[in-house]
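Just so it is clear, the structure is predicted and the values come from calculations on it, not from any experiment.
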Amino acid sequence: QVQLVESGGGLVQAGGSLRLSCAASGRTFSNYAMGWFRRAPGKEREFVAAVTRSGGSTMYADSVKGRFTISRNNTKNTVYLQMSSLKPEDTAVYYCAATERVSISSLQRQYDYWGQGTQVTVSS
């Protein structure tokens, strides 16, 4: 079992930046590929970004490519999502997730553990 706790959400103006963190506990963090997802008001949860176990490879949704960066620190058991040039449409609850699969994935059903989420609100 892996426990995931997100932090770093908040209210920011359009064009601003935020860094989300997701702290993991329970099992060896480096055994899990990690992902970030988000659910905007009235919409389905969607993929944002993912990173491999080592941090050597990443994947992004087209809507955030070039603005968001996912990274991880396996010595701190933490995955990050650096968000820049934020837009009002980035407003959502952001979730981190862990998968035991070797490869990274944008598919929610392939993730085994989920955090509770952190709210990000971008004002125009």
Working to the nearest 0.5 angstrom, can you tell me the gap between [X] [atom1] and [Y] [atom2]?
| X | Y | atom1 | atom2 | answer |
| --- | --- | --- | --- | --- |
| T91 | Q119 | OG1 | CD | 7.0 Å |
| W36 | F68 | CH2 | CZ | 11.0 Å |
| S21 | Q82 | OG | CD | 9.5 Å |
| R19 | S84 | CZ | OG | 11.5 Å |
| S106 | Y60 | OG | OH | 14.0 Å |
| T99 | R53 | OG1 | CZ | 8.0 Å |

May I ask you to decide if [Y]'s main-chain N or O and [X]'s side chain share a donor-acceptor pair within less than 3.5 Å?
| X | Y | result |
| --- | --- | --- |
| R72 | F29 | yes |
| D112 | E100 | yes |
| Q108 | R45 | yes |
| E6 | Q116 | yes |

Which atom names give the shortest non-hydrogen contact between [X] and [Y], and what distance separates them?
| X | Y | result |
| --- | --- | --- |
| N74 | S30 | ND2-CB, 3.6 Å |
| F47 | S105 | CE1-O, 3.7 Å |
| A24 | V2 | CB-CG1, 4.3 Å |
| S103 | A33 | O-CB, 4.4 Å |
| L11 | S123 | CD1-CB, 4.3 Å |
| P88 | A14 | CD-CB, 4.1 Å |

**Prompt:** Which word best sums up how the rings of W114 and Y95 line up, parallel for under 30°, tilted for 30 to 60°, or perpendicular for over 60°?
**Reply:** perpendicular

**Aromatic plane relationship, F37 with Y111 - under 30° parallel, 30 to 60° tilted, over 60° perpendicular** = perpendicular

**Request:** Identify whether the distance between the nearest side-chain nitrogen and carboxylate oxygen of K65 and D62 falls below 4.0 Å.
**Result:** yes

**Asked** Hey, does M34 have a side-chain heavy atom less than 4.5 Å from the side chain of L4?
**Response** yes

**Side-chain heavy-atom pair R38, E46 within 4.5 angstrom cut-off** = yes

Applying a strict under-4.5 Å side-chain criterion to I, L, V, M, F, W and Y, I'd like to know whether [X] and [Y] cluster together.
| X | Y | value |
| --- | --- | --- |
| V79 | V120 | yes |
| V93 | L86 | no |
| I104 | V48 | no |

**Message:** Please identify which of these residues, V51, I70, L20, N73, meets the side chain to side chain contact (heavy atoms under 4.5 Å, CB included) condition with Y80.
**Reply:** N73

**Message:** Does K43 have more than 12 heavy atoms from other residues, nucleotides or ligands lying within 6.0 Å of its NZ?
**Reply:** no

**Prompt:** Which is it for M83 and L81 under the side chain to side chain contact (heavy atoms under 4.5 Å, CB included) test, yes or no, and what are the steps along the way?
**Reply:** CA-CA 6 Å; M83 306 185 294; L81 186 68; 3.9 Å; yes

